[in-house]
Amino acid sequence: MMKYALFPGCVLEGAAKEAYMATKKVAVALGIELVEIPNWTCCGASHAQGVDELALIAINARNMAIAEGMGLPIMTVCNTCTLELRQAKAKLDSDKNLKAKVNEILAKSGYEYKGTSEITHLLWVLASNPNVFEGKITKPLKGVKVAGYYGCHLLRPPKVMNYEDGKNPESLEKIISILGATPVEFDFKLKCCGFHAFFTAERDVMTVTGEAVDSAAKAGADMMVTPCPLCQMQLDMYQPEGRAAVKSKVEIPVLHLPQLIGLAMGMSKEDMGINRHISAVEKIK
Amino acid sequence: MAITLNIHRTVADKKWVQEYKVELKKGMTILEALNEIKAMQDPTLSFTASCRSSICGACAVRVNGNAELACEVLVEDLVKRYKSETLTVEPLGNFKVLRDLIVDWDPKFDRMKKIKPSLHPKKEFSPEKGCKQSIADFKKYDEYAGCILCGACVSECNKSTVDEKDFLDPFTFVKAAKLVLDSRSRDPKEHLQAVIDAGLWKCMKCQECTANCPKGLKPAEAIEKLHEATFKLGLTSSVGANHAKALYDDIYNTGRLDESKLSIQSEGLVAAALRAPFAMRLMKTGKLDPFEKVPVNPEINKIRDILKNAKEAE
Ligand code: SF4
Ligand code: SF4
Ligand code: FES
């Protein structure tokens, strides 16, 4: 049985609670055991890093040290959490002086970072282990056209996020096909939803949000799916503003990856918390 | 194997896509393919290149949507990556096109002037005494000196694509990081203020710049270093800085970010109030719960010590 130390990240405890619900239910059903890392903290979300980079490397070294103590690899369900943890790990593992410096800081609080736990993402785990789906897809999503939206931080920077070629990734389409649905190619597949510049460049952010949704709708997608809860929030919650910014007419539902999987495994829309979403919820049957 | 290059052409007001076929040879670069087309098939096709060894930065073009150095990237690698024997070659994105694959750098250099892109040495330096710095200080910006000004980093920049007027090109942020982090500089604050005014906090953090730099520079990280410098040099009065600090403070206070307070912390009370209709929309489906309190991490004292000790260690 596969077993991971789960790093849920802040939004799964807050605005994207439904993603946590769906992740837990789907993991159990697929036979993947998830143990939440006790007392984890925010990864810095790529913003706190801009206040004090060393401090955030140390904060994430603490997160990883706790998982190391559990003897488990770390699984995340958020692109930015994955990037921040892997970025910290890459820096610590490639720079002895930095590692020593950070361990000196951690020692005062009783932790030690060793570098023994790998960090992966739900999408990568599933794409590498398609056998977990065998016999489980009881309600294949036949005829449903799904636009897979990767989100920046699962693909870039490529040296740190190197699961697959970030310029032509295939993992998400692979899962969509396993679920019986049809992956849709669209221009904005690898582009940015704007989430991280929400407070500083709002007008531009709404434009990219709208363009992403519009591009998927124009390509004929019935819905979008994303492995990142931040992208999901941006494309779902701000879809009205986004569509207005680019004058797009079609409203389209945006699912978290585990929600789409749950639907194909016969779980209900309510089980997956899809009614908590804002945009075009009624289009999900 | 013959490969097809669909090249986006521009001559004066005319734009079209022209198809060329080239016999793929082992080790053939995009630049070699372009040279062969120009020599054997179509002398009107225009592009720039000089060093043919990834040094001069003159040959960057966009292939299948991503910027590449034409003299460096192998056609066979691209055929493998995109699983296709047909490739699309365009001029770099976010540049004005002069003709075919040739882009105009003049507006970019004009924009770069906003950051006053030259180093003014500290007063203590003189021709007699020289301009020395420690190896550790040199290493703080050394990497950024490797920029060859090829323009690949801005080609796919998501912020620049929407609006570049209130932003800088990623390579200009790289240059700015060099000027702000160089210990020999007399006026890092002046450079930094100019960068803040020119849009430092508007970066979308999409990492396209870092993904596309053929020299392995990390413009997105340079931007983060500049963010950090605003705190170190005390130039932090902006929404972007407030937002970064709000997240940092959340980690200090509870260990986790507090969504219900974020807008107020970042934008101030009035701006946050203007978001009330949006908040109502979220409350209706249960997305946002203004009364929910983020629990305090049981190990909060240890977490605070980590933040404090890290600050001291710098
Ligand atoms: S990370 Fe920022 S500067 Fe770099 S490409 Fe994205 S928006 Fe542009
Ligand atoms: S930062 Fe990299 S991609 Fe950008 S101009 Fe310099 S060398 Fe080219
Ligand atoms: S020709 Fe000089 S970098 Fe390619």
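Chain A is the first sequence line, chain B the second, and so forth, proteins listed ahead of strands; every chain is numbered from 1.
Residue K225(B) touches chain A through its side chain alone, counting heavy-atom pairs closer than 4.5 Å. In this structure, the portion of E221(B) lying under 4.5 Å from any heavy atom of chain A is its side chain and not its backbone. In this structure, chain B has no heavy atom under 4.5 Å from any part of V281(A). Using a 4.5 Å cut-off between heavy atoms, L83(A) touches chain B through its side chain atoms alone. Looking at E170(A), the atoms closer than 4.5 Å to chain B (heavy atoms on both sides) all sit in the side chain, from C-beta outward. Both the backbone and the side chain of A58(A) come within contact range of chain B, each with at least one heavy atom under 4.5 Å from a heavy atom of that chain. Using a 4.5 Å cut-off between heavy atoms, I251(B) touches chain A through its side chain atoms alone. Heavy-atom distances place no part of K232(B) under 4.5 Å from chain A, backbone and side chain included. For F231(B), the part lying near chain A is the side chain, with the backbone staying farther off; criterion is any non-hydrogen pair under 4.5 Å. Only the side chain of T207(A) comes within contact range of chain B, with heavy atoms under 4.5 Å apart.
Considering CZ of R256(B) and SG of C43(A), their distance stands at 12.5 Å, rounded to 0.5 Å. Atom NZ of K108(A) and atom CD1 of I306(B) lie 11.0 Å apart (nearest 0.5 Å). To the nearest 0.5 Å, atoms OH (Y111(A)) and CD1 (I303(B)) are separated by 6.0 Å. Between F198(A) atom CZ and M204(B) atom CE the span is 12.0 Å, to the nearest 0.5 Å. Going from atom SG of C10(A) over to atom CG of D250(B) covers 8.0 Å, rounded to the nearest 0.5 Å.
The most heavy-atom pairs under 4.5 Å with chain A, out of E156(B), K83(B), K218(B), come from K83(B). The most heavy-atom pairs under 4.5 Å with chain B, out of M233(A), E241(A), K101(A), K159(A), come from E241(A).
Formation of a donor-acceptor pair under 3.5 Å by the E228(B) side chain with backbone atoms of Q49(A) is not found in this model. Here the side chain of N168(A) pairs a donor or acceptor atom with the backbone of R81(B) at under 3.5 angstrom. The backbone N or O of T200(A) sits less than 3.5 Å from a side-chain atom of K202(B), completing a donor-acceptor pair. Judged by distance alone, with hydrogens and angles left aside, the side-chain atoms of N297(B) form a donor-acceptor pair with the main-chain N or O of N39(A) at under 3.5 Å. One N or O on the side chain of H153(A) and one on the backbone of K205(B) form a donor-acceptor pair closer than 3.5 Å. Remark: side-chain polar atoms of K191(A) are not paired, donor with acceptor, to backbone N or O of N158(B) under 3.5 angstrom. Remark: side-chain polar atoms of R156(A) are paired, donor with acceptor, to backbone N or O of C206(B) under 3.5 angstrom.
A donor-acceptor pair shorter than 3.5 Å can be found between the side chains of K167(A) and N212(B).
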Show the numbers, then the answer: is there a side chain to side chain contact (heavy atoms under 4.5 Å, CB included) between E13(A) and L257(B)? CA-CA 10 Å; E13(A) 297 278 2; L257(B) 88 112; over 6 Å; no
Start with the C-alpha gap between Y248(B) and L56(A), add the side-chain angles, then the distance that decides, and say whether side chain to side chain contact (heavy atoms under 4.5 Å, CB included) holds. CA-CA 9 Å; Y248(B) 179 93; L56(A) 267 293; 4.1 Å; yes
What verdict does the side chain to side chain contact (heavy atoms under 4.5 Å, CB included) test give for H47(A) and H243(B), after you've listed the backbone C-alpha separation in whole Å, the side-chain angles of each residue and the deciding distance to 0.1 Å? CA-CA 7 Å; H47(A) 294 275; H243(B) 183 56; 3.5 Å; yes
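Within a 6.0 Å sphere centred on CD of E104(A), other residues, nucleotides and ligands contribute 12 heavy atoms or fewer.
Looking at D204(A) and K159(B), a side-chain N of the basic residue comes within less than 4.0 Å of a carboxylate O on the acidic one, giving a salt bridge.
Scanning both residues, D52(A) and A310(B), for their nearest heavy atoms gives OD2-C, 4.4 Å.
Side-chain contact between H227(B) and V51(A) is absent, with no heavy-atom pair separated by less than 4.5 Å.
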